[in-house]
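Reviewing the structure listed below.
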Amino acid sequence: MEKGQTKKLIGKKWCTGCAACAASCPCQAVQMVMQDGFYYPKINTSICTGCGICTSVCKAANSGQKYPEGQFFAAINEEGPVRAASASGGLFSLFAKTYIDQGGIVYGAAFDTNWQVSHIRCSNYKTLGRIQKSKYVQSSILHVYRDIEKDLADGKQVLFSGTACQCSGVKSYINQKGLGTGNLLLVDLICHGVPSPKLWASYIKMRGGAQGKITDINFRNKDNSWKDYCMSIAFENGRVDKYRQNEDYFLVLFFHNLILRESCYRCRYASVQRTSDLTLGDYWGITEFHPDFNDDKGASVLLVNSDKGRSLWEACKEGTRNIEISRYNLAKHQINLQHPSRKDKRYDAFWEDYYKKGFDYILKKYADATVFGCLKRRHLYRILSDLGIWDIIIKMKR
């Protein structure tokens, strides 16, 4: 193919933003650029040679092979402080520490100095804490592909954690490089969908502008309750604001499926059959199926999908309290193991309003960010909680 005859990348409705195409391009002709709230690949036609590597590595266009259905467990980390510092049952920390102890490398999502989310490389406990806990923003991973490649080329054991589409991108990239995935273990998440980094930046600006410099963010603060967690934001002045799921504007938009990437509504990974070695999530069915296992401090579900995943689980399970569960118990309250999140019918109007009228406008229109709306949600929560209806709503959301 002659220079300038470029390959056509997959359309925006299917592109997951994994950036494997950009990482694989031998002449750096593919750049990740912000469009409509998310990063998408764009080809610089002036330097593209038309080699086709970018399209061959794309797993949104070329579905990856899924493992046969494996075993399912509910589990909690026996180390109380570790579980308390985790979003659910603390299993990821156990897996990551095992790799670090054996001289391996762990990759995961962390906040940067601007509170955006990107993947980092961890080789010791000091940095491990940064990649714990859930972060409901799409993480940037382009910059770590070559680090992963180098670690594997040097013979290191590597654990990569991320969304299923990110894990699929990493696997495809490593295979394209001819390294093989024998020393690469992939841990994905049961994912509701990835929210927009651009809209998240608008949210951070709003929160920071009201109280000053932000020093900590926790999407899943479970000090009072794991099942009814809240968003907590700490500030340099010592103030800590906490917002329940129905009170925080970002979480309201997230759970209404207004701020997810287009491809999330067509997710090919929303099933029990996975492409990664292990899959982690919350055991939202615990109250119905295993109430004796529930102390409302967090419990994980674990899908053991491959022999590599099984080996790591066997090495770590003694540090947990665990029970094997059925497919039905696993998936009933995990909608994203049944089908992708449903696109809100207001989605297109929402994004048009955001770009034309701004962040404050869409908060008032779509998140009811008015004085009356805030009072309504707060008092309505108390009424529903007293009547026991709030617990039913939380279960339905799962």
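Everything numeric here is computed off the predicted structure, so don't read it as measured data.
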Answer yes or no: are there more than 12 heavy-atom neighbours, outside [X] itself, under 6.0 Å from its atom [atom1]?
X	atom1	answer
K297	NZ	no
E314	CD	yes
D307	CG	no
N224	CG	no
H290	NE2	yes

Compute whether any side-chain donor of one residue and acceptor of the other, for [X] and [Y], lie under 3.5 angstrom apart.
X	Y	value
S225	D296	yes
Q273	Y67	no
R261	Y39	no
N305	T279	yes
S118	S139	no
N77	S86	no
D282	Y229	no

ring-ring contact (aromatic ring centres under 6.0 Å, His included) assessment of F254 paired with H192 | CA-CA 9 Å; F254 174 60; H192 179 80; 4.8 Å; yes
Hydrophobic cluster membership, F72 vs I286, 4.5 Å side-chain cutoff =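 Linked within one cluster.
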Same cluster or not: are V194 and Y269 linked, directly or through other Ile, Leu, Val, Met, Phe, Trp or Tyr residues, by side-chain heavy atoms under 4.5 angstrom apart?
->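 Cluster IDs for V194 and Y269 differ.
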Mind checking whether [X] and [Y] have parallel, tilted or perpendicular rings, split at 30° and 60°?
X	Y	value
W200	Y203	parallel
W351	Y354	perpendicular
Y136	F219	tilted
Y347	Y265	perpendicular

Given V158, I120, I131, the one that forms side-chain contact (heavy atoms from CB on, under 4.5 Å) with Y107 =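 Single side-chain contact (heavy atoms from CB on, under 4.5 Å) partner of Y107 among V158, I120, I131: V158.
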Matching residue for F73 among I323, L330, V304 - test: side-chain contact (heavy atoms from CB on, under 4.5 Å) =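 The single option meeting the side-chain contact (heavy atoms from CB on, under 4.5 Å) with F73 is V304.
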Test side chain to side chain donor-acceptor pair (under 3.5 Å) applied to S232 and D223, D248, D241, N221, the passing residue =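 Of D223, D248, D241, N221, side chain to side chain donor-acceptor pair (under 3.5 Å) with S232 is met by N221 alone.
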May I ask you to check whether F289 and Y283 place their ring centres under 6.0 Å from each other?
->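 Not close enough - the centres of the two rings lie 6.0 Å or further apart.
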Evaluate the criterion side-chain contact (heavy atoms from CB on, under 4.5 Å) for residue pair F160 and Q166; output intermediate values, then yes/no.
-> CA-CA 9 Å; F160 177 90; Q166 289 175 329; 4.2 Å; yes
Take L253 and L363 through the side-chain contact (heavy atoms from CB on, under 4.5 Å) test and state the conclusion after the steps.
-> CA-CA 9 Å; L253 297 175; L363 289 189; 4.1 Å; yes
Verdict with supporting geometry, S300 and S88, side-chain hydrogen bond (donor to acceptor under 3.5 Å, both in side chains) | CA-CA 6 Å; S300 299; S88 51; 3.1 Å; yes
